[in-house]
Amino acid sequence: MTRRISIFGSTGSIGLSTIDLIERDPDSFEVVALTGGHNVARLAEQATALRAEIAVTAHEENLGALREALAGTGIEAAAGAGAIEEAARRPADWVMSAIVGAAGLPPGLAALEEGATLALANKESLVTAGPLVLATAAKHADKGARLLPVDSEHSAVFQGLVGEDMDAVERIIITASGGAFRDWPLDKLAGATLAEASNHPNWDMGQRITIDSASMFNKALELIETKEYFGVRPDQIEVLVHPQSLIHALVGFNDGALMAHVGPADMRHAIGYALNWPARKTLPVERLDLAAIGKLEFRAPDEQRWPALRLAREVMDAGGLSGAVFNAAKETALDGFIDGKIGFLQMSAVVEEVLTKLSGDAGLIRAEITLDNVRAADQMARETAKTIIETGA
Ligand code: NAD
Ligand code: MG
């Protein structure tokens, strides 16, 4: 039986890895929608090769180029955030959510409402609107809606929980490579350049998540993602620095056992697990030779080096829409760093200031978690962060 699948963010790092897997088994899949951003040539090439029904670019100004590139193929072309959401409503069995940033939330919710299995690489969905995403999946479960984690740590935890009772779980440990600056002297961090921050020691990923790994904002988002997805208390979640990135997460049980998930640093494992779930199928990833690797190292995370981890704990405690505020402030600060407006360490300073400024606004943080309210909190946080960046206030 062929499965209908869509990939949101098909032109990115996770999108390419997903396509690599489905191209190896073309008779099993029928591709519905593919979406991308400015890389219209790549999007059109993917849509043509996979014979997609529709290709959508996020940007209206790219529609002409996309139409031209798809001329004669019979593949529909569309553009804009609304078109992406519409594409997410087309019937599909399995949908990959791999847009980067808060823009990934609306199409994911739409796909769940239509009863799709949503493979969630876009961690921002759970950070900004975890309770809404879970409730939407539950509400449409009778139609087949389901959420599967793709972030490597969360896939690892998910796999560690197969056949287990959540009541027996004491703690969840997610590992962090430590990113580009793990071993840098603290006083050098302020001068870290964009090129230096965009270079990950172990994983080959999109630029934004790579920089977020260096600042540990990525791990901060993943702490919140863990709390939302697995429904555990913040004090049950730990971050462990593990430079080799071979253990992705560990689940600690009430009898003292720790179940560790070990695998190569290759996202095709977690994507493939979500694609084939509940079955396991052969995947084209490296088989680890642990004797050759010799040793695995672990250390406690240093909150002075990575203030993002402390901020994530504050956000988990505050709850409500503070995750949406946190993420939007982080995205804006990251833009500021990429554009050369602020230094590397200022990213966490900006985010902290936005959280402080907006946490007093109980109406904003405590409002019900709906898509409209998430958008309002997101916009307010972006504006506040921009003002701080522009004025240095
Ligand atoms: P990427 O930058 O390589 O690709 C992002 C994709 O999103 C591209 O297709 C781009 O065109 C699209 N996009 C960007 N902005 C958009 C917008 N405003 N509207 C619609 N589409 C937009 O990113 P990536 O590394 O593939 O990461 C994708 C998501 O998966 C992120 O949420 C990231 O945190 C998460 N993730 C990635 C990895 C990884 O190994 N790359 C691992 C775990 C989780
Ligand atoms: Mg991860």
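Start at 1 and go down the list; that is how both ligands and their atoms are numbered. Everything quoted here is computed from the prediction, not taken from an experiment.
Between the choices Leu120, Ile7, Ile99, the shortest heavy-atom distance to atom 16 (C) of ligand 1 belongs to Ile99. Taking all heavy atoms of Val100, Asn122, Thr57 into account, the minimum distance to atom 15 (N) of ligand 1 is reached by Val100. Comparing heavy-atom distances from atom 41 (N) of ligand 1 across Ser13, Gly9, Ser10 singles out Ser13 as nearest.
Not one N or O of His38 is nearer than 3.5 Å to an N or O of ligand 1, by distance alone. The shortest N or O to N or O distance between Gly37 and ligand 1 is below 3.5 Å. Some N or O of Gly206 is nearer than 3.5 Å to an N or O of ligand 1, by distance alone. In terms of N/O distances under 3.5 Å, ligand 1 is approached by Gly12.
Short contacts between ligand 1 and Ile84, defined as distances under 4.0 Å to a heavy atom of the residue, involve ligand atoms 20 (C). Close approach of ligand 1 to Gly36 is summarised as follows: ligand atoms under 4.0 Å from at least one heavy atom of the residue are 11 (O). Atoms of ligand 1 found under 4.0 Å from any heavy atom of Ala98 (numbered from 1 in listed order, with element): 5 (C), 6 (C), 7 (O), 28 (C). Taking every heavy atom of Ala103 and a limit of under 4.0 angstrom, the matching atoms of ligand 1 come to 17 (C), 18 (N), 19 (N). Of all atoms in ligand 1, numbered sequentially from 1 with element shown, those under 4.0 Å from a heavy atom of Ile209 are 25 (O), 33 (C), 34 (O), 36 (N), 37 (C), 38 (C), 42 (C), 43 (C), 44 (C). For ligand 1, the atoms closer than 4.0 angstrom to any heavy atom of Ala121 are 30 (O), 32 (O), 35 (C), 36 (N), 44 (C).
The number of heavy atoms from other shown groups lying within 6.0 Å of CE (Met380) does not exceed 12. Atom CD of Glu303 has more than 12 neighbouring heavy atoms from other residues, nucleotides or ligands inside a 6.0 Å radius.
Within the 4.0 Å heavy-atom cutoff, Gly15 does not count among the residues contacting ligand 1. Put simply, part of Lys123 is less than 4.0 Å from ligand 1, judged by heavy atoms.
At the top of the distance list for atom 20 (C) of ligand 1, counting protein heavy atoms only, stands Ala58 CB, 3.4 Å. For atom 10 (C) of ligand 1, the nearest protein heavy atom (residue, atom name, distance) is Thr11 OG1, 4.0 Å. Considering only non-hydrogen protein atoms, atom 43 (C) of ligand 1 sits nearest to Asp151 OD1, 3.1 Å.
Residue contacts with ligand 1, taken as heavy atom pairs separated by less than 4.0 Å, involve Met205 via backbone and side-chain atoms alike. With a 4.0 Å cut-off on non-hydrogen atoms, Glu124 touches ligand 1 through its side chain and not its backbone. Of the heavy atoms in Ile14, both backbone and side-chain atoms come closer than 4.0 Å to ligand 1. At a heavy-atom distance under 4.0 Å, no atom of Asn218 approaches ligand 1.
The nearest pair of heavy atoms linking Ala77 to Leu70 is CB-CD1, 4.1 Å. Residue Met347 comes nearest to Phe337 through the heavy atom pair SD-CB, 3.6 Å, listed as atom of the first residue, atom of the second, then distance.
Residues Gln236 and Glu170 bring no donor and acceptor atom of their side chains to less than 3.5 Å of each other. For the residue pair Thr226 and His154, a side-chain donor N or O sits within less than 3.5 Å of a side-chain acceptor on the partner. Using modelled atom types, one finds a donor on one side chain and an acceptor on the other under 3.5 Å when comparing Ser125 with Asn122. For the residue pair Thr356 / Glu353, no side-chain donor-acceptor distance below 3.5 Å is found, with atom types taken as modelled. Using modelled atom types, one finds a donor on one side chain and an acceptor on the other under 3.5 Å when comparing Ser28 with Asp25.
Between Glu153 and Lys219 there is a salt bridge, since at least one side-chain N of the basic residue sits less than 4.0 Å from a carboxylate O of the acidic one.
Taking the six-membered ring for Trp and thresholds of 30 and 60 degrees, Phe158 and Tyr273 have ring planes more than 60 degrees apart, a perpendicular arrangement.
Thr2 contributes atom OG1, which lies 4.5 Å from atom CD of Glu30 (distance to the nearest 0.5 angstrom).
Of all N, O or S atoms in Glu153, the one lying closest to the Mg ion (ligand 2) is OE1. Shortest distance from the Mg ion (ligand 2) to Glu222 is reached at OE2 (N/O/S atoms only). Looking only at N/O/S atoms, Asp151 comes nearest to the Mg ion (ligand 2) through OD1.
Tested against Ile7 for a side-chain contact (heavy atoms from CB on, under 4.5 Å), the candidates Val95, Thr18, Val32, Leu16 yield a single pass: Thr18.
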TODO: With side-chain hydrogen bond (donor to acceptor under 3.5 Å, both in side chains) as the test, would you mind laying out the steps for Gln159 and His261 before giving the verdict?
DONE: CA-CA 8 Å; Gln159 294 178 50; His261 182 283; 3.1 Å; yes
- [ ] Take Arg310 and Glu352, measure what salt bridge (Lys or Arg N to Asp or Glu O under 4.0 Å) needs, and give me the verdict at the end.
- [x] CA-CA 10 Å; Arg310 171 177 53 80; Glu352 181 157 21; 3.0 Å; yes
